[in-house]
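Just so it is clear, the values below take in all heavy atoms, side chains as well, and ignore hydrogens, waters and symmetry mates.
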Amino acid sequence: MPKLISIGKIIDESWELYRARFSEFMSVASWLLLLAILYVLSLALYPSASTLWFSNSLTLSENIGVLLFIFTNYVVAPLLGLWVVIALSRLTKGYLQGRNISVKQAHKETKPLFFPTLVVSLMVAFLLVVAILIGFGPTIILTTLGALFNNITLVGIGNILLVPGIFVAFILSFKWMVEYYLSPTVTVLDGLQGKKALIKSRELIQGRFWGVFLRLVVPKLVFIIFGVFIMVIVAYVTEILLNVAGGLSLDLQLRIKTIIESTFPIIIAALINPLIINADILLYRALKGEEI
């Protein structure tokens, strides 16, 4: 079994690669800024809080704002985010292999991998749902039957099973989340699809669960804390500027604040995403025994 890469080396190597190829990484990650633009447009058209809650009719522009926000949040964001992750992963793989891969080539390699990676990601999400259903299933079934047949005993047993069900759901969700976390990475880097990607991820992590868990979590926490620190500073400065600015209505202040709070995390995500992906790929290569 290959020796696990140290947490410190994951962080250091991720940063060094990020620093050396910053412009290329940002050329791909900056596609996330399209989300920021769409959020700004949707929130600029979005009805004010008072209009949204106390009016039965919205103007055409307000309806467009609501629909654009929903479309961006639930369709564009996950699909564009997946595309960026795949393209960044292909860039990182090429650089670690010593290939001078271009951004254009990374996008070209992303096209055939997009749908298989999406399918594998959905399979992982489905497994997590199954884990929750296994834990809460008996409670849901018994309480439903008890309510239908007016049987207090069934309802009582269902409620008793709720506590162990919470633990079962948590343990299974946590276990499967770690074991199958690298499944999309397997598809992106090695082309394995569907169940084969899930099996490969589990095999790589088997026997070193907690070591892999720490190497998945700690580098991300370091990078995310850095991003959150920047966000806190910006939020504080924004609050001061809005309080100092005179003549702004409450609705306008809330709208500006909401736009900033919705778009700036996307900018931070664009900045730290390459670091997070670099860390995952370095760990994946180490698990396979490949040279770092």
request  = Using ring-ring contact (aromatic ring centres under 6.0 Å, His included) as the criterion, list what pairs up with Phe223, not counting sequence neighbours.
outcome  =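 Not a single residue meets the ring-ring contact (aromatic ring centres under 6.0 Å, His included) criterion with Phe223.
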Set of residues satisfying ring-ring contact (aromatic ring centres under 6.0 Å, His included) with respect to Phe25, sequence neighbours excluded =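 ring-ring contact (aromatic ring centres under 6.0 Å, His included) check on Phe25 returns Tyr95.
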Enter the distance from [X]:[atom1] to [Y]:[atom2] here, rounded to the nearest 0.5 Å.
X: Ile205; Y: Tyr284; atom1: CD1; atom2: OH; answer: 10.5 Å
X: Lys200; Y: Leu287; atom1: NZ; atom2: CG; answer: 10.0 Å
X: Phe229; Y: Ile268; atom1: CZ; atom2: CD1; answer: 11.5 Å
X: Ile266; Y: Asn273; atom1: CD1; atom2: CG; answer: 11.5 Å
X: Leu4; Y: Arg215; atom1: CG; atom2: CZ; answer: 4.5 Å
X: Ser6; Y: Ile11; atom1: OG; atom2: CD1; answer: 8.5 Å

Are [Y] and [X] connected into the same hydrophobic cluster when the rule is that any two of I, L, V, M, F, W, Y join if their side-chain heavy atoms are below 4.5 Å apart?
X: Tyr18; Y: Val228; answer: yes
X: Phe22; Y: Ile272; answer: yes
X: Leu34; Y: Phe71; answer: yes
X: Ile199; Y: Phe126; answer: no
X: Leu38; Y: Ile70; answer: yes

Taking only residues two or more places apart in sequence or in another chain, which ones pass salt bridge (charged side-chain N to carboxylate O under 4.0 Å, His left out) with [X]?
X: Glu109; value: Arg90, Arg99
X: Glu16; value: Arg19
X: Asp12; value: none

Testing the basics here: between [X] and [Y], what is the closest heavy-atom pair and its distance to 0.1 Å?
X: Ala270; Y: Met26; result: O-CE, 3.2 Å
X: Ile10; Y: Ala279; result: CG2-CB, 3.6 Å
X: Ser14; Y: Leu275; result: O-CD2, 3.8 Å
X: Ser27; Y: Val103; result: CB-CG2, 3.9 Å
X: Pro164; Y: Ile160; result: CD-O, 3.3 Å
X: Gly81; Y: Leu32; result: CA-CD2, 4.2 Å

Which other residues belong to the hydrophobic cluster containing [X], where Ile, Leu, Val, Met, Phe, Trp and Tyr are joined when side-chain heavy atoms lie under 4.5 Å apart, directly or via other members?
X: Ile132; answer: Phe136, Ile140, Leu162, Ile166
X: Leu133; answer: Val129
X: Val163; answer: Phe167

query = Taking only residues at least two apart or on different chains, which pairs with a member in residues 76-87 satisfy side-chain hydrogen bond (donor to acceptor under 3.5 Å, both in side chains)?
reply =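 side-chain hydrogen bond (donor to acceptor under 3.5 Å, both in side chains) check on residues 76-87 returns Trp83-His107.
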Any sub-3.5 Å donor-acceptor pair from [X]'s side-chain atoms to [Y]'s backbone N or O?
X: Thr92; Y: Leu88; answer: yes
X: Ser42; Y: Tyr39; answer: yes
X: Arg285; Y: Ile281; answer: no
X: Thr72; Y: Phe69; answer: no
X: Thr143; Y: Val155; answer: no

inquiry  = Per the ring pair (Phe, Tyr, Trp, His ring centres under 6.0 Å) rule, what does the pair list look like for residues 188-216, sequence neighbours excluded?
reply    =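 For residues 188-216: Phe174-Phe209, Phe174-Trp210, Phe174-Phe213, Trp210-Phe213.
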Quick one, [X] and [Y] - any side-chain contact, counting heavy atoms below 4.5 Å?
X: Leu91; Y: Gln105; value: no
X: Met123; Y: Val119; value: yes
X: Ile101; Y: Glu24; value: no
X: Ile230; Y: Phe264; value: yes
X: Ser121; Y: Val124; value: no
X: Leu128; Y: Leu172; value: no

key: Test side chain to side chain contact (heavy atoms under 4.5 Å, CB included) applied to Leu96 and Asn278, step by step   = CA-CA 10 Å; Leu96 291 174; Asn278 288 349; over 6 Å; no
Tabulate below the donor-acceptor pairs under 3.5 Å that side-chain atoms of residues 179-189 make, not counting sequence neighbours, or state none.
residue: Glu179; atom: OE1; partner: Lys175; partner atom: NZ; Å: 3.2
residue: Glu179; atom: OE2; partner: Lys175; partner atom: NZ; Å: 2.7
residue: Tyr180; atom: OH; partner: Arg202; partner atom: NH1; Å: 3.2
residue: Tyr181; atom: OH; partner: Lys220; partner atom: NZ; Å: 3.4
residue: Tyr181; atom: OH; partner: Asp280; partner atom: OD2; Å: 2.8
residue: Ser183; atom: OG; partner: Tyr180; partner atom: O; Å: 2.9
residue: Thr187; atom: OG1; partner: Ser183; partner atom: O; Å: 3.4
residue: Thr187; atom: OG1; partner: Leu192; partner atom: O; Å: 2.7

Crowding at CH2, Trp176 (>12 non-hydrogen neighbours, <6.0 Å) =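 Counting neighbours around CH2 of Trp176, more than 12 heavy atoms of other residues, nucleotides or ligands fall under 6.0 Å, so yes.
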Taking distance alone, no hydrogens or angles, what donor-acceptor pairs closer than 3.5 Å link side-chain atoms of residues 145-154 to residues at least two apart or in another chain?
residue: Asn151; atom: OD1; partner: Thr153; partner atom: N; Å: 2.9
residue: Asn151; atom: OD1; partner: Leu154; partner atom: N; Å: 3.1

